[in-house]
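Just so you know, these numbers come straight off a predicted model, no measurement behind them. In what follows, every chain begins at residue 1, and chains take the letters A, B, ... in the order their sequences are listed.
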There are 2 protein chains.
Amino acid sequence: MLITIDYQDKRPIYEQITEKIKNLIVVGVLTENDKIPSVRNMAIEMSINPNTIQRAYQELERDGYIYTVKGRGNFVSPVTEWKEDRLTDGLNRFGELAVELCQLGATKETLYKRVDEALVSERG
Amino acid sequence: MLITIDYQDKRPIYEQITEKIKNLIVVGVLTENDKIPSVRNMAIEMSINPNTIQRAYQELERDGYIYTVKGRGNFVSPVTEWKEDRLTDGLNRFGELAVELCQLGATKETLYKRVDEALVSERG
DNA sequence: TAAGTGTACTAGATGTTCTAGTACACTTAT
DNA sequence: ATAAGTGTACTAGAACATCTAGTACACTTA
């Protein structure tokens, strides 16, 4: 089972699916040109309607994370398709979050430490 | 007009209201014991149903940002009520975001720089 | 007493989400 | 050629959250 759905989560199913697959791609579990499960297979495996899977896949394609070949299936896109956007968005959120944390009294050292820890965990 | 609603935003109205008021409190525009507009006034001013405002205020009270006095109105809570939780949650998100940004190739210097900028903008 | 306040409740409209079913075009393997 | 597997498109309806509308009651203050 590649993905699990949290039915307590108030977000719609298709959104949970897109988010989790995006993460699998960003982390590197799924890499360029990997085939992801077909709409029907994923639907059966997760006991979810195929239309819901289809919608999730459409969003993934729209955002550049996968590409679709009719009759063959869905495949993971090259990193270049999404890396830039994700980095830009992430840095913006990072900056905004840093401002708020400073307003809440977080020290420079605290934030630096978190960054250092992130660098370590990323190497491992 | 204290708050404006973005009807293009897919999030529900009551959620937008709670988020914006939270920000006003965190930033310091609204401070301890300030009275916020009554359910009815806010509803008229924003051309929104009073029930929607009420729901937003209930969430704000549940999260500790305001307190309610029957017959008098709603007032901003002391910072101590929400500061700790918000700092903890924020630092967690900060750490997770840092990990992802590192995986995307962000350098230590880039993230440090964003933190420094945040410290500067917070002083101003 | 009157005005303003929070709170609770019912009822209904609206939009999104999800399911169900069907159909068609394409690719691959046999 | 045929069958199986694939993506895609469409209609229909159920289920749910959101929002509006209206009413009512208890409380506080002037």
What pairs with [X] under side chain to side chain contact (heavy atoms under 4.5 Å, CB included), at least two apart in sequence or on another chain?
X	result
V99(B)	A118(A), S121(A), Q103(B)
E45(B)	M1(B)
N41(A)	S38(A)

* Asked: When all nucleic acid strands are considered with a 4.0 Å heavy-atom cut-off, which category describes N51(B): base, sugar-phosphate, or nothing?
  ->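 It contacts base atoms.
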* Side-chain heavy-atom pair W82(B), K22(B) within 4.5 angstrom cut-off ->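 The answer is no, as the side chains (C-beta and beyond) never meet within the 4.5 Å cut-off.
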* Answer with yes or no whether the side chains of N51(A) and Y14(A) bring together a donor and an acceptor at under 3.5 Å. =>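 The criterion, which ignores hydrogens and geometry beyond distance, is not satisfied for N51(A) and Y14(A).
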* Of I48(B) and R40(B), whose closest DNA chain D nucleotide lies nearer the 5' terminus? ->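 Counting from the 5' end, the first nearest nucleotide belongs to I48(B).
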* Least distance between heavy atoms, L91(B) atom then L101(A) atom ->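 Heavy-atom minimum between the residues: N-CD2, 3.8 Å.
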* For E100(B), check side chain to side chain donor-acceptor pair (under 3.5 Å) against everything at least two apart and list the hits. =>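 Applying side chain to side chain donor-acceptor pair (under 3.5 Å) to E100(B) gives R86(A).
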* Asked: How would you list, by chain and number, every residue that makes a side chain to side chain donor-acceptor pair (under 3.5 Å) with N92(A), sequence neighbours excluded?
  ->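 Side chain to side chain donor-acceptor pair (under 3.5 Å) list for N92(A), sorted by chain: empty.
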* Cation over ring face, R114(A) and F94(B), 6.0 Å, 45° ->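 The answer is no; the distance or angle limit is not met.
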* Fill in the dot-bracket string of DNA chain D, one character per base: . for unpaired, | for a pair to another strand, ( ) or [ ] for pairs within the strand, taking Watson-Crick or G-U pairs under 3.5 Å. => ||||||||||||||||||||||||||||||
* What residues form a salt bridge (charged side-chain N to carboxylate O under 4.0 Å, His left out) with E19(B), not counting sequence neighbours? ->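 Here the qualifying residues are R11(B).
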* Can you name the residues that form a salt bridge (charged side-chain N to carboxylate O under 4.0 Å, His left out) with E15(B), not counting sequence neighbours? ->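 Partners of E15(B) under the salt bridge (charged side-chain N to carboxylate O under 4.0 Å, His left out) test: K10(A).
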N/O donor-acceptor pairs under 3.5 Å from side chains in residues 27-37 of chain A, not counting sequence neighbours:
from: T31(A); atom 1: OG1; to: D34(A); atom 2: OD2; distance (Å): 3.4
from: N33(A); atom 1: OD1; to: Y67(A); atom 2: OH; distance (Å): 2.7
from: D34(A); atom 1: OD2; to: T31(A); atom 2: N; distance (Å): 2.9

* To do: Please find the earliest and latest nucleotides of DNA chain C, in the 5' to 3' direction, that have an atom within less than 4.0 Å of any heavy atom of chain A.
  =>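 Contacts span dT17(C) to dT28(C), reading 5' to 3'.
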* Under a single-linkage definition using a 4.5 Å side-chain heavy-atom cutoff for Ile, Leu, Val, Met, Phe, Trp and Tyr, are I48(A) and I21(A) assigned to the same hydrophobic cluster? ->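 Yes: a chain of side-chain contacts under 4.5 Å links I48(A) to I21(A).
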* Taking only N and O in the side chain of T52(B), is any of them less than 4.0 Å away from OP1 or OP2 of dT20(D)? ->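 Yes, T52(B) has a side-chain N/O under 4.0 Å of OP1/OP2 on dT20(D).
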* **Members of residues 57-68 of chain B that approach DNA chain C, where some heavy atom sits under 4.0 Å away** =>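 Contacts with DNA chain C under 4.0 Å: Q58(B), T68(B).
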* Asked: Which residues in residues 4-12 of chain B have at least one heavy atom lying under 4.0 Å from any atom of DNA chain C?
  ->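 Going residue by residue through residues 4-12 of chain B, none turns out to have a heavy atom under 4.0 Å of DNA chain C.
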* Asked: Want to settle it: does V69(B) or N49(A) sit nearer the 5' end of DNA chain C, counting the closest nucleotide to each?
  ->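 The residue closer to the strand's 5' end, by nearest nucleotide, is V69(B).
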* Asked: Which residue lies toward the 5' end of DNA chain C, N41(B) or Y14(A), if each is placed at its nearest nucleotide?
  ->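 Comparing both residues, the 5'-ward one is N41(B).
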